[in-house]
Protein chains: 2
Amino acid sequence: MSDVSNKNMKMTPQRIAIMKYLDGNTAHPSAADIYVALQEQFPTMSLATVYNTMETLKQQGAVVELSIDPGKKRFDPNTQPHHHLICIKCKTVLDIFVDFPLPLSDRETGGFQILGNRVDFYGICKTCGDTPREMIQTNR
Amino acid sequence: MSDVSNKNMKMTPQRIAIMKYLDGNTAHPSAADIYVALQEQFPTMSLATVYNTMETLKQQGAVVELSIDPGKKRFDPNTQPHHHLICIKCKTVLDIFVDFPLPLSDRETGGFQILGNRVDFYGICKTCGDTPREMIQTNR
DNA sequence: CTCCTTGACAAGAATCCTTCTTAAGTAATA
DNA sequence: TATTACTTAAGAAGGATTCTTGTCAAGGAG
C-alpha cells in the first residue's frame, strides 16, 4: 500500500482517496471509518463504493481483512506478516512485528493445507488501563 | 460444558437443550446453527433465546465466543486453552491442542496489559483441498 | 470523432445478524 | 403453593453488509 497506482484496477478519484487514506494508516479502520473520513472530501461517495473498493483491494492483496471486531470488518493496509494486540475495551489494534515459530506436525494439521497464521493478543491498552472490570478468557 | 446443571442460572428446557447440543460439539456453531438444530425439538424457541443463553453461558465461562467468521458469532464449548485451524473455503474450524510460547517484551506490548492470546491457522481443509483456487494472504 | 463495451458510481432497497422491548410464562425457593 | 425474579417468544429495531438499478466515464475499434 505504498504507491497509489495499480495496473489491475481502474483508478478513480474515490479509489485514489481511499488508498491515500489507508496508506500508512495503522488504525485498522472499518468501512464506516473510511466512509466518514472521506465524507468531507467526497460528500457524494457511497458506502457501497467503500465496500467495493476494499473488496477489490483485498483480492489484489493490497489490504487484509480482519475479523477482530465482532460484527464489523476492519482492514489492515499493512500486508507484511505481523500480529495484533487488541484492546478488549476500546477495540484499538496495535501491530506487533514479532516472528513466532508456530510448528505444526502433520498429525496436528489433520490434512489441512496451512497457508498462514495469525496471532491476536487480547488485553487492556494503556489508555483503558485505569478502570479494569471483567475477567477475560485467557485463550480463544 | 460437561454437566448440564448450574447453580448460577435458572435451568429451563431450552437452556438444557442448548447445553446438551453444545456438549462435546466441535463444530463451533453459530447462533443460527444452534437455533436450526433445535428447531425440531423446540419449534417455538426464539433466536433471541439462543443469543441470551449464549451470552449467559459466555459470562459464566462455559463457552467462548469466537470472531473467526466475519459478521457472525460462533461459539466454542471447549474452554480449555487451544488454537484453531480454519478452512478459508468452508469455514470449518478444527481445534489444535498445542501450546506455543508467545513471549512479548515490555517494549513490544507498549503498555498493554496482556490477558490472553489466540492463534488461528488459515488453510484449506482436506475436503476442500481438491479444488484450490485463489492465493491467500500468509499472515493476518 | 463516434459508437460500443466495460467497469465504476450513487442511491436506496434488501438481507443478514444481533439486540432490544414487552407481555406472558415459569423455575427456584421458602 | 405463593412469591419473586428471571426467562421466554414474538416482533420490532438496529447495525453492517450486500445487492439492484440506472447513470456515467474511460478506453478501444472502427
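Letters go in sequence order (proteins before strands), and every chain restarts at 1. What you see is a predicted model; the values in this text were computed from it and never measured.
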Subject >> Distance, rounded to the nearest Å, where B:N52 contributes CG and C:dT19 contributes P >> reply: 9 Å
Original post:
With sequence neighbours excluded, what pairs up with A:L104 under the side-chain contact (heavy atoms from CB on, under 4.5 Å) test?
Top reply: A:E108, A:T109, A:I114, B:L85, B:I96, B:V98, B:F100, B:F121
Subject >> Atom pair SG (B:C87) and CD (A:Q113), whose distance is rounded to the nearest 0.5 Å >> reply: 10.0 Å
**OP:** Using whole Å, report how far CE of A:M11 lies from C1' of C:dG7.
**Re:** 14 Å
Side-chain donor/acceptor pairs under 3.5 Å, residues 42-52 of chain B, sequence neighbours excluded:
unit_1: B:S46; atom_1: OG; unit_2: B:A48; atom_2: N; d: 3.0
unit_1: B:N52; atom_1: ND2; unit_2: B:A48; atom_2: O; d: 3.3

Subject >> Nucleic acid contacts - residues 25-45 of chain B versus DNA chain D, non-hydrogen atoms under 4.0 Å >> reply: B:T44, B:M45
Subject >> Distance below 4.0 Å between A:R15 side-chain N/O and C:dC9 OP1 or OP2 >> reply: yes
Report, one line per pair, each donor and acceptor closer than 3.5 Å where one atom sits in a side chain of residues 32-41 of chain B; sequence neighbours left out.
unit_1: B:D33; atom_1: OD1; unit_2: B:S30; atom_2: OG; d: 3.4
unit_1: B:D33; atom_1: OD2; unit_2: B:S30; atom_2: N; d: 2.9
unit_1: B:D33; atom_1: OD2; unit_2: B:S30; atom_2: OG; d: 3.1

Original post:
How do B:T12 and B:G71 order along DNA chain D: which one's closest nucleotide is nearer the 5' end?
Top reply: B:T12
Subject >> Nucleotides bounding contact with chain A, strand DNA chain D, heavy-atom threshold 4.0 Å >> reply: D:dA16 to D:dC19
Original post:
What integer distance in Å separates B:D69:CG from C:dT18:P?
Top reply: 9 Å
Original post:
Between C:dC9 atom C1' and A:Y51 atom OH, what is the distance in whole Å?
Top reply: 17 Å
Original post:
B:D120 and B:H83: side-chain donor and acceptor closer than 3.5 Å?
Top reply: no
**OP:** Measure from CE on B:M9 to P on C:dT29 and round the result to the nearest Å.
**Re:** 14 Å
**OP:** Tell me whether the OP1 or OP2 atom of C:dT18 has a side-chain N or O from A:K72 closer than 4.0 Å.
**Re:** no
Original post:
Please give, in whole Å, the distance from C:dC17 P to B:K73 NZ?
Top reply: 13 Å
**OP:** Say whether A:H82 and A:D99, considering side chains only, have a donor N or O and an acceptor N or O under 3.5 Å apart.
**Re:** no
Original post:
Can you name the side-chain hydrogen bond (donor to acceptor under 3.5 Å, both in side chains) partners of B:K10, sequence neighbours left out?
Top reply: none
